[in-house]
Structures are given as C-alpha cells and as structure tokens.
Amino acid sequence: MTTKLLGPVSRVFFSQRLRLHYVDWGNPDAPPLLLVHGNPQNHTCWYKVAAQLAQHYHVILPDLRGYGDSSLPDPGKNHANYSFRAMAQDLLEVMDQLGYG
C-alpha cells in the first residue's frame, strides 16, 4: 500500500474577511494535525517536526493573522483584532474549509 504524500504546499483561505495562509503537508487521507506557531513566529518554525509527522498525518501549518504570509488585520477596524477569540475562529475556519469541521 502506497501512502500519497502532499507538500509542503502553500495555500490560502479566508476568515473574517482576511486572506490567511497555511501550508498543507502530509497524507490527506490520514488524521489531521494542526500545528500552530507562537508569537512572533510563523509556520516555518514547524518544518522539521512537520516533515516527520507528514508520514502519518495530514499536517496543517497556518500562519496566524498578521504573521508570515497572512494578511494584517485592518488597524482601523476592530482595533486590529489579534484576540485569542479571533485567532481561534481563524483556526476553526481553516479546518472547516478542509472538511474537518
């Protein structure tokens, strides 16, 4: 049985009117694994780990709003919303758009 591996592939999704970036890596038929970076990092901090995990999981590496290749929130609206609630909604959105919602 051959495992089809994907990635790393850069992709885009939209959440709360923001264009956000993520990297899709691994076996799309395997269980999903969402790896979220800290502040002030981006998705690349997970590359060594993701390369290992991609053999057994569908690894999703998002760039949180305002980091990496994701758009900055508009400073004139919602006070440039970087709240945990807004970022959690973004993470739920990417998983939903990938069919894991």
K.L.:
For residues Y82 and R65, report the shortest heavy-atom separation together with the two atoms involved.
P.N.:
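In this case the closest contact between Y82 and R65 is CE2-O, 3.3 Å.
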K.L.:
For V23 and P8, which heavy atoms make the closest approach, and how far apart are they?
P.N.:
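Here V23 and P8 meet closest at CG1-CB, 3.5 Å.
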K.L.:
Once rounded to the nearest 0.5 Å, what's the spacing between atom CZ of R11 and atom CG of L20?
P.N.:
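One gets 15.5 Å once the value is rounded to the nearest 0.5 Å.
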K.L.:
Decide yes or no for Q89 and R85: does some side-chain heavy atom of the first lie under 4.5 Å from some side-chain heavy atom of the second?
P.N.:
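No, too far: nothing below the 4.5 Å cut-off.
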K.L.:
Using side-chain heavy atoms (C-beta onward) and a distance below 4.5 Å, is L91 in contact with E93?
P.N.:
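No, every pair of side-chain atoms sits at 4.5 Å or beyond.
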K.L.:
Within the 3.5 Å criterion, strictly below it, is a donor on S15 or D90 matched to an acceptor on the partner's side chain?
P.N.:
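Looking only at side-chain atoms, D90 and S15 do form a donor-acceptor pair, the distance falling under 3.5 Å.
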K.L.:
Supply the atom-to-atom distance T44 OG1 to N42 CG, rounded to the nearest 0.5 angstrom.
P.N.:
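Going from the OG1 atom of T44 to the CG atom of N42 covers 3.5 Å.
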K.L.:
L64 vs M87, test: side-chain contact (heavy atoms from CB on, under 4.5 Å). Steps then yes/no.
P.N.:
CA-CA 7 Å; L64 295 175; M87 288 191 244; 3.8 Å; yes
K.L.:
Do the non-hydrogen side-chain atoms of P40 and Y67 ever get within less than 4.5 Å of each other?
P.N.:
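Yes. Closest side-chain heavy atoms under 4.5 Å.
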K.L.:
Where is the tightest heavy-atom contact between L61 and A50, given as atom of each residue plus distance?
P.N.:
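For L61 versus A50, the nearest heavy atoms are CD1-CB, 4.0 Å.
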K.L.:
Please report the interatomic distance CG(L53) to NZ(K48), rounded to the nearest 0.5 Å.
P.N.:
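Result: 14.5 Å between the selected atoms.
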K.L.:
Could you check if a side-chain atom of L33 sits within less than 4.5 angstrom of a side-chain atom of I60, using non-hydrogen atoms only?
P.N.:
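Not in contact.
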K.L.:
Go through V59 and L35 one step at a time and tell me if the side-chain contact (heavy atoms from CB on, under 4.5 Å) criterion holds.
P.N.:
CA-CA 7 Å; V59 181; L35 300 178; 3.8 Å; yes
K.L.:
Do Y57 and L34 sit in the same hydrophobic cluster, where Ile, Leu, Val, Met, Phe, Trp and Tyr count as joined when their side-chain heavy atoms come under 4.5 Å apart?
P.N.:
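No: no chain of side-chain contacts under 4.5 Å links Y57 to L34.
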K.L.:
With ring centroids as reference points, do Y47 and W25 lie under 6.0 angstrom apart?
P.N.:
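Yes: the rings meet the under 6.0 Å criterion.
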K.L.:
Would you say the rings of F13 and H21 are close, in the sense that their centroids are separated by under 6.0 Å?
P.N.:
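No; F13 has its ring centre 6.0 Å or more from that of H21.
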K.L.:
Determine whether the aromatic ring centres of residues Y22 and H43 are separated by less than 6.0 angstrom.
P.N.:
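Here the rings of Y22 and H43 have centres that are no less than 6.0 Å from each other.
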K.L.:
Under a 4.5 Å cut-off applied to non-hydrogen side-chain atoms, are D96 and V94 in contact?
P.N.:
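No, too far: nothing below the 4.5 Å cut-off.
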K.L.:
Looking at every heavy atom in both C45 and H37, which two are closest together, and how far apart are they?
P.N.:
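Closest pair (atom of C45, atom of H37, distance): SG-CB, 3.6 Å.
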K.L.:
Please name the pair of heavy atoms, one in G68 and one in D63, separated by the smallest distance, quoted to 0.1 Å.
P.N.:
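Looking at all heavy atoms of both residues, the closest pair is CA-OD2, 3.5 Å.
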K.L.:
Which heavy atom of F14 sits nearest to which heavy atom of R19, and what is that distance?
P.N.:
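Looks like CE2-CB, 3.6 Å.
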